Amino acid sequence: MGGESYGSDITRIRQLNEIGIALSSERNHDALLENLLTSARELTQADAGTLYTFDASKQQLSFAIVQNDTLDLRLGGLSEPVGEQFPIIDLYQADGLPNHHLVVAHTVLNDCTVNIEDAYTAKGFDFAGTRKIDQATGYRSRAFLTVPMHNHQGDTVAVLQLLNKRTAHGIDGTFSSADQHIAESLASQAAVAITNHRLVDEMQALFDSFVRVIATAIDAKSAHTGAHCRRMPEATLLLAEATHRSQHPEVASFTLTEDDRYEIKTAAWLHDCGKIVIPHHVMEKSTKLEGLFDRLPAIEARFAAKQQALCAAQLRAELDAYRNGQLFTEEEREVFANKQSTLQEDLTLIRRSNTDGEYLKDQDVERLQAIAQDTWEDIDGHRQPLLTEDELENLCIRHGTLNQEERKIIEGHVIATLDMLAELPFPKHLQRVPEYAGGHHERMDGSGYPNGLTREQLSLPARMLGIADVFEALTAPDRPYKTPMKLSQALNIMGRMVEERHLDPVLFAVFIEEGVYLDYARQYLQNYQIDTVDIDSLLRVSIASVDRVND
């Protein structure tokens, strides 16, 4: 008999160790709680059981898992959610007194295990609710074993409650001291696992919040860039999921796990974090003459001064002619009128060239250079150029609004991003975040920045970020310095970038075939931006580009 008991104890200890290992390796919180209760019931041969979670801030217990074999009941965990028929249990009553009437509250308040042989005869506890449920179900609740669960700091995190020990005669047994000891041991191990889960969840929540704080900081500096940081994860994940579904030979082996999704999403959130160090006047430069201040009004003032000087010169010429008894001829008037007209045309050209419109033509550059050779007279009577060297340089920018120096500053945001990310000790499942985030401005032909990497040197997620970044930038409906493009225009530009080996042709084909652009547009673009797209033409471009890459 003693040998049988010893052998049984050894078996239970082995089971306890195996369960402890399984619980510590379980990554799903709901599965962890469910496995804990199921294992506790198996070890103690309990017919039923409940696991309560404890909210220390509210001093409340909540039903997390409910199981009953006789009633074939499974609620919580991976099963059907626990309903409102199981109310929240307050540790303190409305009058502020501790709630010692309910055994589970008493267990937490006194930090003790409570082992009751029969709830119907037990003194000091209120089992009216239990009796009511028994009447409704025909069940007979008898033995209760209630065990508090503590974290490494000794704080209660949950409560394990076992009900009705099974015997050869039914569910009429009571829980022995050995049952209590094994339940307490399991509760102790499981509490560590639950605490670890909470710590992991809290650390991840802290990290995610930190990531969003960076986007918020960029948003405070530049609203449209902050919005770009928030939209990029969605655009990138849509493309990643589409690539996961795609049967293209070059990406058929690409699969996504939950860790992969989180890693890609994190990289997309952080891909522009380096912009936080970019000067505001460079990042927000909406016209060529913008800087620490807008230089256009100063140029307009010079033209106004020159026009007034011309008017004054004409009046003096007319007065001189009158004094000399001569007529001021129409030809002379026309000379002054032509000069005024030329000035107005020059100013119109400057205003037009100042915006990020079409590519600046050679003849416009030549005319701007000629304007810069003209002069005006300042208040001290000194002759000054109509355009300074700096103003001429910026006005002659062929495309966009950034001069070479400013473009290098903007491109430096990727270096800043990589430097910032290098300071973060990313865990194993986020090790590739810097590589993904730092590659979104690289080009397939190696002409991108910061490292001049080629298609073969870039991972698929890094190439995905590149496509998502361009698409979001072209279609963004909230950029103050440009009109948002329609889908057809944006995708045609991206098609040309594919032909020029700037964007990945296979991923662009997936982007079109799987309708990623349309899924994104329906969520984030204005209705007028969603127009008809020539899918066949775009796919021909991508197929031709793929063939060139593979030749």
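Given the structure is predicted, the values throughout are model-derived calculations rather than measurements.
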Give a yes or no on whether the backbone of Ser141 and the side-chain of Asp134 come within a donor-acceptor separation of less than 3.5 Å.
yes

Surrounding OH of Tyr120 (heavy atoms of other residues, nucleotides or ligands, distance under 6.0 Å), is the total greater than 12?
yes

Spacing of CD1 belonging to Ile535 relative to CG belonging to Leu491, to within rounding of 0.5 Å
9.0 Å

Under 3.5 Å, is there a donor-acceptor pair between the side chain of Gln59 and the main chain of Ala56?
yes

Given 3.5 Å as the limit, does a donor-acceptor pair link the side chain of Ser185 with the main chain of His181, or not?
yes

With a 4.5 Å cut-off on side-chain heavy atoms, are Asp260 and Arg432 touching?
yes

Please check: side-chain N/O of Asp126 versus main-chain N/O of Ala128, any donor-acceptor pairing under 3.5 Å?
yes

Over all atoms of both residues, closest heavy-atom pair of Asp272 and His413
OD1-NE2, 3.0 Å

Main-chain N/O of Arg74 paired with Glu80 side-chain donor or acceptor, under 3.5 Å:
no

Rounded to the nearest 0.5 angstrom, the OG1-CZ distance for Thr454 and Arg443 is 14.0 Å

Is there a side chain to side chain contact (heavy atoms under 4.5 Å, CB included) between His100 and Asn110? Walk through the geometry before answering.
CA-CA 9 Å; His100 287 291; Asn110 285 59; 2.9 Å; yes

Would you mind reporting whether Phe54 and Val157 have side-chain heavy atoms less than 4.5 Å apart?
no

Just by distance, do the side chain of Asp155 and the backbone of Asn151 share a donor-acceptor pair under 3.5 Å?
no

I'd like to know whether CD of Glu456 has more than 12 heavy-atom contacts from other residues, nucleotides or ligands below 6.0 angstrom.
yes

Are the side chains of Ile530 and Leu518 in touch, meaning some heavy atoms are under 4.5 Å apart?
yes

Would you kindly say whether Thr113 and Glu184 are connected by a side-chain donor-acceptor distance under 3.5 Å?
yes

Centroid separation under 6.0 Å, is that true for the rings of His441 and His271?
no

Could you check whether any side-chain heavy atom of Tyr449 comes within less than 4.5 Å of a side-chain heavy atom of Val414, counting everything from C-beta outward?
yes

Side-chain heavy-atom pair Glu263, Val433 within 4.5 angstrom cut-off:
yes

CG on Leu61 to CG on Leu91, rounded to 0.5 Å:
5.5 Å

Shortest non-hydrogen contact between Val159 and Val108, atoms and distance
CG2-CG2, 3.5 Å

Under 3.5 Å, is there a donor-acceptor pair linking the side chains of Gln67 and Thr38?
yes

Among Arg140, Lys165, Lys123, find the one that has a salt bridge (Lys or Arg N to Asp or Glu O under 4.0 Å) with Asp118.
Arg140

Euclidean distance, Ile194 CD1 relative to Leu36 CG, rounded to 0.5 Å
5.5 Å

Are a donor atom and an acceptor atom from the side chains of Asp179 and Ser176 found within less than 3.5 Å of each other?
yes

Crowding at CD, Gln523 (>12 non-hydrogen neighbours, <6.0 Å)
yes

Between Phe511 and Phe471, does the ring centroid distance fall short of 6.0 Å?
yes

Could you verify whether a donor N or O on one side chain and an acceptor N or O on the other, from Thr156 and Asp111, lie under 3.5 Å apart?
no

State, to 0.1 Å, how close Ala105 and Asp90 come at their nearest heavy-atom pair, and which atoms those are.
CB-O, 4.4 Å

With the threshold set at 4.0 Å, does a side-chain nitrogen-carboxylate oxygen contact exist between Arg261 and Glu258?
yes

Decide whether Gln529 and Thr475 meet the rule of one side-chain donor and one side-chain acceptor closer than 3.5 Å.
no

Once rounded to the nearest 0.5 Å, what's the spacing between atom OG1 of Thr146 and atom NE2 of His106?
9.5 Å

Which heavy-atom pair separates Pro505 from Ser542 by the least distance, and what is that distance?
O-CB, 3.6 Å

Would you say the side chain of Arg463 lies within less than 4.5 Å of the side chain of Met444, judging by non-hydrogen atoms?
yes

Among Val147, Val66, Val103, Leu145, which residue satisfies the side-chain contact (heavy atoms from CB on, under 4.5 Å) criterion with Gln161?
Val103

Minimal non-hydrogen separation, Ser39 against Leu186, with atom names
C-CD2, 4.0 Å

Please check if the side chain of Glu442 supplies one atom and the backbone of Leu453 the other of a donor-acceptor pair under 3.5 Å.
yes

CE/Met485 to CE/Met494 distance, rounded to the nearest 0.5 angstrom?
11.0 Å

Between Ile65 and Gly77, the two heavy atoms sitting closest are CD1-N, 3.1 Å

Min side-chain heavy-atom separation Asn164-Thr70 under 4.5 Å
no

Are the side chains of Leu239 and Tyr520 in touch, meaning some heavy atoms are under 4.5 Å apart?
no

Could you tell me how the ring of His429 sits relative to the ring of Tyr262: parallel (under 30°), tilted (30 to 60°) or perpendicular (over 60°)?
parallel

Set out, in order, the CA-CA distance, both residues' side-chain angles and the distance that settles side chain to side chain contact (heavy atoms under 4.5 Å, CB included) for Leu163 and Thr50, then state yes or no.
CA-CA 8 Å; Leu163 173 62; Thr50 301; over 6 Å; no

CA sep, side-chain torsions, deciding dist, call: Asp47, Tyr139, side chain to side chain contact (heavy atoms under 4.5 Å, CB included):
CA-CA 11 Å; Asp47 178 60; Tyr139 192 71; 2.5 Å; yes

With side chain to side chain contact (heavy atoms under 4.5 Å, CB included) as the criterion, how do Thr53 and Asp55 come out once you've worked through the C-alpha distance, each side chain's angles and the decisive distance to 0.1 Å?
CA-CA 7 Å; Thr53 54; Asp55 186 337; over 6 Å; no

Could you check Asp504 against Arg455 for salt bridge (Lys or Arg N to Asp or Glu O under 4.0 Å), going step by step and ending with a plain yes or no?
CA-CA 7 Å; Asp504 185 273; Arg455 181 174 186 261; 2.5 Å; yes

Is His248 atom NE2 crowded by more than 12 heavy atoms from other residues, nucleotides or ligands, each under 6.0 Å away?
yes

Do other residues, nucleotides or ligands put more than 12 heavy atoms under 6.0 Å from the CD atom of Gln457?
yes

